[in-house]
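In what follows, chains carry the letters A, B, and so on, assigned in the order in which the sequence lines appear, proteins first and then strands, with residues in each chain numbered from 1.
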There are 2 protein chains.
Amino acid sequence: MNPPNKDKLKIDFRIWIFNNGEKLFGKGRVELLEKINKSGSIANAAKEMNMSYRQAWQMVNEMNKRSNHPLVEKQLGGKNGGGAILTQAGKSAINKFNELEKRINAVIVEETKKLEL
Amino acid sequence: MNPPNKDKLKIDFRIWIFNNGEKLFGKGRVELLEKINKSGSIANAAKEMNMSYRQAWQMVNEMNKRSNHPLVEKQLGGKNGGGAILTQAGKSAINKFNELEKRINAVIVEETKKLEL
DNA sequence: TATCGTTATTCACAATAAAGCATATCGGAA
DNA sequence: TTCCGATATGCTTTATTGTGAATAACGATA
């Protein structure tokens, strides 16, 4: 009567990219980059992600330091007090990461179908 | 002169299996099951993994409750004070998880080769 | 040159997670 | 019946992490 419990089993995954052994980014950081790109500032992005500005700033700073090319250019002062925009490398990184995640996800979906404990 | 930084980039990943939306296990818990299987007790396994008995016990308890079939059978009292052994379902789960991880890893290795930021 | 909103940074405090300690319970074997 | 070592569980203490407030620096623009 009871079919195998395939339907209730689910595989979840998470990926991170490291550069020289240091964590460059994972899902959360990429999402932060996306929000910075859309909103034009770290502060706004932090608000949207419901995280403290402090944490967001730390993440951005770390990413910039650990990446071979800076991902976010920060402008201090100016018309509206400044802001932050993504470099080409930053935008590119988002795409690369998302595509990578998509490919892994496709495999996970396949494996989930096969799964049975 | 500087070749693309492929060599320094590394992808790391982690998978978890959920049952009915509750985390059943990931790498750490499977490792714990393996050590219990070899050592014959939760206490020994915990020592080997350098974690507190308390934490190990909690993990085992959670896994047993969340899995459709118990994975670890715990014997209380007795000759040597008792111990814990894996059920067939427990041993099977270890194999399934490790194979799954291996398959994902193969994909990750491929993707890492393609990776370039 | 005064203003404004953002980046940049420090620090104390809160919230959460993990570790450690103590102790009760169990049951085969001596 | 007593002993032993492992399971079982509550409680306290310690570590780790995150948050919030406060403040300085900045520079295009009005």
Starting at atom [atom1] of [X], determine the distance to atom [atom2] of [N], rounded to an integer number of angstrom.
{"X": "A/Q58", "N": "D/dT16", "atom1": "CD", "atom2": "P", "value": "17 Å"}
{"X": "B/M49", "N": "C/dA18", "atom1": "CE", "atom2": "P", "value": "14 Å"}
{"X": "B/I85", "N": "D/dT7", "atom1": "CD1", "atom2": "C1'", "value": "14 Å"}
{"X": "A/K79", "N": "C/dG5", "atom1": "NZ", "atom2": "C1'", "value": "13 Å"}
{"X": "B/Q75", "N": "D/dA8", "atom1": "CD", "atom2": "P", "value": "11 Å"}
{"X": "A/K47", "N": "C/dT7", "atom1": "NZ", "atom2": "C1'", "value": "13 Å"}
{"X": "B/E73", "N": "D/dA6", "atom1": "CD", "atom2": "P", "value": "19 Å"}
{"X": "A/L76", "N": "C/dG5", "atom1": "CG", "atom2": "C1'", "value": "11 Å"}

For A/I42 and for B/N80, find the nucleotide of DNA chain C with the closest heavy atom, then tell me which residue's nucleotide is more 5'.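 Of the two residues, A/I42 wins.
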
Run the salt-bridge test on A/K65 and A/E62 with the 4.0 Å N-O cut-off and return the result as yes or no.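 No salt bridge links A/K65 with A/E62.
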
Candidates [options] - which lies nearest the side chain of [X]:
{"X": "A/S41", "options": "D/dG20, C/dA19, C/dT6", "value": "C/dT6"}
{"X": "B/Q55", "options": "D/dG18, C/dA19, C/dT10", "value": "C/dA19"}
{"X": "A/R54", "options": "D/dT19, C/dG28, D/dT29", "value": "D/dT19"}

If you compare every side-chain N and O of [X] against the phosphate oxygens of [N] (OP1, OP2), does one of them come in below 4.0 Å?
{"X": "A/W57", "N": "C/dA8", "answer": "yes"}
{"X": "A/K74", "N": "C/dA8", "answer": "yes"}
{"X": "B/Y53", "N": "D/dT7", "answer": "yes"}

Base, sugar-phosphate, or nothing for A/G81, non-hydrogen atoms under 4.0 angstrom?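 Counting heavy atoms under 4.0 Å across all strands, the contact made by A/G81 includes a base.
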
When we call it a touch if two heavy atoms are under 4.0 Å apart, what does A/G78 touch: a base, just sugar-phosphate, or nothing?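 Base, at least one base atom sits under 4.0 Å.
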
Do the non-hydrogen side-chain atoms of B/Y53 and B/I42 ever get within less than 4.5 Å of each other?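 Yes, their side chains come closer than 4.5 Å.
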
Using side-chain hydrogen bond (donor to acceptor under 3.5 Å, both in side chains) as the criterion, point out the one residue from A/E31, A/E34, A/K27 that pairs with A/N98.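 Exactly one candidate clears the test, A/E34.
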
Measure the CG-CG distance between B/L9 and A/N68 for me, rounded to the nearest 0.5 Å.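 Going from CG on B/L9 over to CG on A/N68, the span is 7.0 Å.
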
Let me confirm one number: the CD-NZ distance from A/E22 to B/K10, rounded to the nearest 0.5 Å.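 These two atoms lie 14.0 Å from each other.
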
